[in-house]
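Data first, discussion second: the structure below is written as structure tokens.
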Amino acid sequence: MSLTMGEKIKIMLKRRNMTLAQLAEKTGQSRQNMSNKMSRDNFSEKELLTIADVLGCTYRAGFIMNDTGEEV
């Protein structure tokens, strides 16, 4: 079973010793808005890129064709 994006963000917050409120502030959002996004696991790719930047990470997204293994 894979982790949700919100769960992954929580792990990175813990590793970076950062709170959700701090992440919200550094990404220009309210704590409540960030909390809602985390609970709904509802992030745009642009938001994920910003969050990754704040957390000092690289965000990767893409598709891999199951029959050929080709990554798009």
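For clarity, every value in this text was computed on a predicted model and none was experimentally measured.
Here CG of Asp53 is found 11.0 Å from OG1 of Thr27. Values are rounded to the nearest 0.5 Å. In this structure, CD1 in Ile9 is found 5.5 Å from CG in Leu48, a value given to the nearest 0.5 Å. With rounding to the nearest 0.5 angstrom, the CD atom of Glu45 is 5.0 Å from the OH atom of Tyr59. Residue Ser44 holds its OG atom at 8.0 Å from CD1 of Ile51, rounded to the nearest 0.5 Å. Leu20 contributes atom CG, which lies 6.5 Å from atom CE of Met34 (distance to the nearest 0.5 angstrom).
The backbone N or O of Met5 lies less than 3.5 Å from a partner atom in the side chain of Asp41, making a donor-acceptor pair. Using modelled atom types, no side-chain atom of Asn42 and backbone atom of Lys37 make a donor-acceptor pair closer than 3.5 Å.
Here the shortest heavy-atom pairing between Ile64 and Glu71 reads CG1-CG, 3.8 Å. For the pair Met38 and Gly6, the tightest heavy-atom approach, listed with the atom from each and the gap, is CE-O, 3.3 Å. Residues Ser30 and Ala24 approach most closely at O-CB, 3.6 Å, considering heavy atoms. Shown here for Leu55 and Met12, the closest heavy-atom pair between the two residues is CD1-CB, 3.7 Å.
Pairs engaging residues 8-33 under the salt bridge (Lys or Arg N to Asp or Glu O under 4.0 Å) rule: none recorded [sequence neighbours left out].
In this structure, Arg40 places its CZ atom where more than 12 heavy-atom neighbours from other residues, nucleotides or ligands lie under 6.0 Å away.
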### Query
Going through the checks in order, is the side chain to side chain contact (heavy atoms under 4.5 Å, CB included) test met by Glu47 and Gln29?
CA-CA 10 Å; Glu47 289 171 322; Gln29 300 182 50; 4.1 Å; yes

### Query
How far apart are the C-alpha atoms of Thr19 and Leu13, what are their side-chain angles, what is the distance that settles it, and do they pass the side chain to side chain contact (heavy atoms under 4.5 Å, CB included) test?
CA-CA 6 Å; Thr19 66; Leu13 286 172; over 6 Å; no

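Note: the hydrophobic cluster containing Leu49 also contains Phe43 (ILVMFWY, side chain heavy atoms under 4.5 Å, direct or indirect links).
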